[in-house]
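Atoms considered below: every heavy atom in the structure, side chains included; atoms not considered: hydrogens, waters and symmetry mates. This structure is a prediction, so every number in the text was calculated from the model and none was measured. In listed order, ligands and their atoms are each counted from 1.
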Amino acid sequence: MRIVSLAGGIGGARFLRGLKAAAPDAEITAIVNTGDDITLFGLRICPDLDTVMYTLGGGINEEQGWGRADESFTVKEELAAYEVEPQWFGLGDRDLATHIVRTQMLSAGYPLSQVTEALCARWRPGIRLLPMTDDRVETHVVISDDQGRRAIHFQEWWVRLRASVPAERFVLVGADTAKPAPGVLEAIHDADVVILPPSNPVVSIGTILQIAGVREALEAKTVVGVSPIIGGAPVRGMADACLAAIGVETSAQGVLELYGSALLDGWLVAEEDAGVALDGVVVEARPLLMTSLEAARDIAAAALDLARSLR
Ligand code: GDP
Ligand code: FO1
Ligand code: CA
Ligand code: CA
């Protein structure tokens, strides 16, 4: 069986780990958001790709959900001693090696998709990781503060401001000319089943859907989504601030309507959200907390079962 899953960072990564366990013989391709990517200190950082790669490769900091296990921050301390900015982004020593290898390969002319494949030769995530695009796209956030109305990088809004300043809108800089990475449309076309994991519907899944041709390719497939919103709140992170910015209610119903019946065929919601409904989409209620690998596996198995029943 060929499975395609879109993915952001933590929610996508934990779901994919469950999916691998639920379908050990399947060929799984993850199409990963790169709108979070940022260049700091001359290094290209791809948080969502790295979160998925480290999580499936056994190198993730499990408690934090991003970054490396057994991490140290000597380089960060040394940069701070030089008073160079930004100091609000936590780059660990082990993690830095990944960014150095990536930046070196990008500078030599390799596209991000090939760089990702090279990094995965070490981590062996057991699935194929594809960046949504090889082109440079970055999510920026329009805010108003004492400096007036301006756009800042998504990481500054998320990490430095913790989404405390309302987002007026998100702009995916570079999206108008970005092409899907090699293999993205082919993987969707060849997939038996497509899954939208419980990733951020605005700045993870919503971003991938903005890449030319992706939404149209998905609409031709059997697509099952898993709600990242349980009982009117994100399980973790600040997806509520992202949904508010685009005028969508933070609820399993709100995200279902945002994705819509042209994209979704099936939608898994948590048991407390039973009653959520939309014409043209089959909704099932299940425990949706990924508290362990087994719990994530059961959610993935339920998504696959629902997809099979809809094909
Ligand atoms: P990020 O890029 O690291 O923010 O990660 P994603 O975009 O992949 O996923 C973030 C979303 O995952 C958040 O909106 C959370 O609500 C959701 N999430 C995290 N853990 C769980 C969980 O255990 N169950 C469900 N249903 N959603 C979760
Ligand atoms: N998230 C934080 O909240 N603080 C950090 O200092 C931070 C550093 C960081 C470094 C590398 C990396 O791959 C991820 C990192 N993240 C950090 C997580 C990440 O940037 C955000 O959670 C996501 O981009 C939102 O999906
Ligand atoms: Ca992300
Ligand atoms: Ca469909």
Side-chain angles (χ1 to χ4, degrees), residues 5-18 30-38 45-52 54-55 60-61 64-67 132 138-139 154-155 157-159 163 170 188 191 193-208 215-243 248 250-252 254-255 259-273 280-282 285-293 295-300 302-303 307 310-311:
S5 175
L6 306 192
I10 301 176
R14 290 187 176 164
F15 179 84
L16 284 165
R17 197 160 55 178
I31 299 168
V32 183
N33 171 45
T34 56
D36 293 15
D37 296 10
I38 189 167
I45 300 157
C46 302
D48 287 354
L49 276 170
D50 288 349
T51 296
V52 173
Y54 294 155
T55 300
I60 197 77
N61 178 325
Q64 198 168 244
W66 53 268
M132 63 186 192
E138 288 184 0
T139 301
F154 171 73
Q155 293 296 342
W157 182 71
W158 188 265
V159 173
F170 297 99
I188 296 172
V193 169
V194 176
I195 310 282
L196 306 189
S199 284
N200 188 308
V202 184
V203 294
S204 293
I205 304 298
T207 303
I208 302 170
R215 179 187 284 273
E216 294 71 17
L218 292 173
E219 284 176 358
K221 311 300 294 190
T222 299
V223 179
V224 168
V226 180
S227 178
I229 307 296
I230 298 184
V235 177
R236 61 182 287 166
M238 300 159 287
D240 46 346
C242 302
L243 287 162
V248 173
T250 299
S251 65
V255 179
Y259 289 156
S261 59
L263 178 61
L264 283 180
D265 299 286
W267 185 234
L268 289 186
V269 299
E271 288 162 311
E272 52 264 59
D273 295 313
V281 181
V282 176
R286 287 268 182 286
L288 286 193
L289 281 180
M290 299 186 285
T291 45
S292 63
L293 170 59
R297 180 199 60 202
D298 292 349
I299 295 166
L310 296 170
R311 275 169 64 198

Should [X] be counted as touching ligand 1, given the test is an N or O pair under 3.5 Å?
X	value
M290	yes
V235	yes
I10	yes
I229	no
P234	no
V226	no

Could you tell me if the side chain of [Y] sits less than 4.5 Å from the side chain of [X], heavy atoms only?
X	Y	result
P198	L288	no
M290	F15	yes
N200	W158	yes
V248	V202	no
D240	M238	yes
V281	Y259	no
R286	I299	no
S199	N33	no

Counting each atom of ligand 1 from 1 as listed, which ones have a heavy atom of [X] under 4.0 Å away?
X	value
L288	22 (C), 23 (O), 24 (N), 25 (C), 26 (N)
N200	6 (P), 7 (O), 9 (O), 10 (C), 11 (C)
G8	2 (O), 7 (O), 8 (O)
A239	14 (O)
G11	5 (O), 6 (P), 8 (O), 9 (O), 12 (O)
S204	2 (O), 6 (P), 7 (O)
G12	8 (O)

Nearest-contact summary for [atom] - protein heavy atom, Å:
atom	answer
atom 11 (C) of ligand 1	P198 O, 3.3 Å
atom 8 (O) of ligand 1	S199 OG, 2.6 Å
atom 15 (C) of ligand 1	R236 O, 3.3 Å

| query | From T222 OG1 over to D265 CG, what is the distance, rounded to the nearest 0.5 angstrom? | reply |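 CG of D265 is found 5.0 Å from OG1 of T222.
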
| said: If I take every N, O or S atom of K221, is at least one of them less than 3.0 Å from the Ca ion (ligand 4)? | reply: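 Coordinating: yes.
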
Please confirm whether [X] approaches ligand 1 to less than 4.0 Å, judged on its heavy atoms.
X	result
T51	no
D48	yes
G237	no

| field | For A307 against V193, the heavy-atom pair lying closest together | value |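 Minimum heavy-atom contact is CB-CG1, 3.5 Å.
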
| Of all N/O/S atoms in D36, the name of the one nearest the Ca ion (ligand 3) | OD2

| Which atom, counting only N, O or S, brings D265 closest to the Ca ion (ligand 4)? |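 Looking only at N, O and S atoms of D265, the one nearest the Ca ion (ligand 4) is named OD2.
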
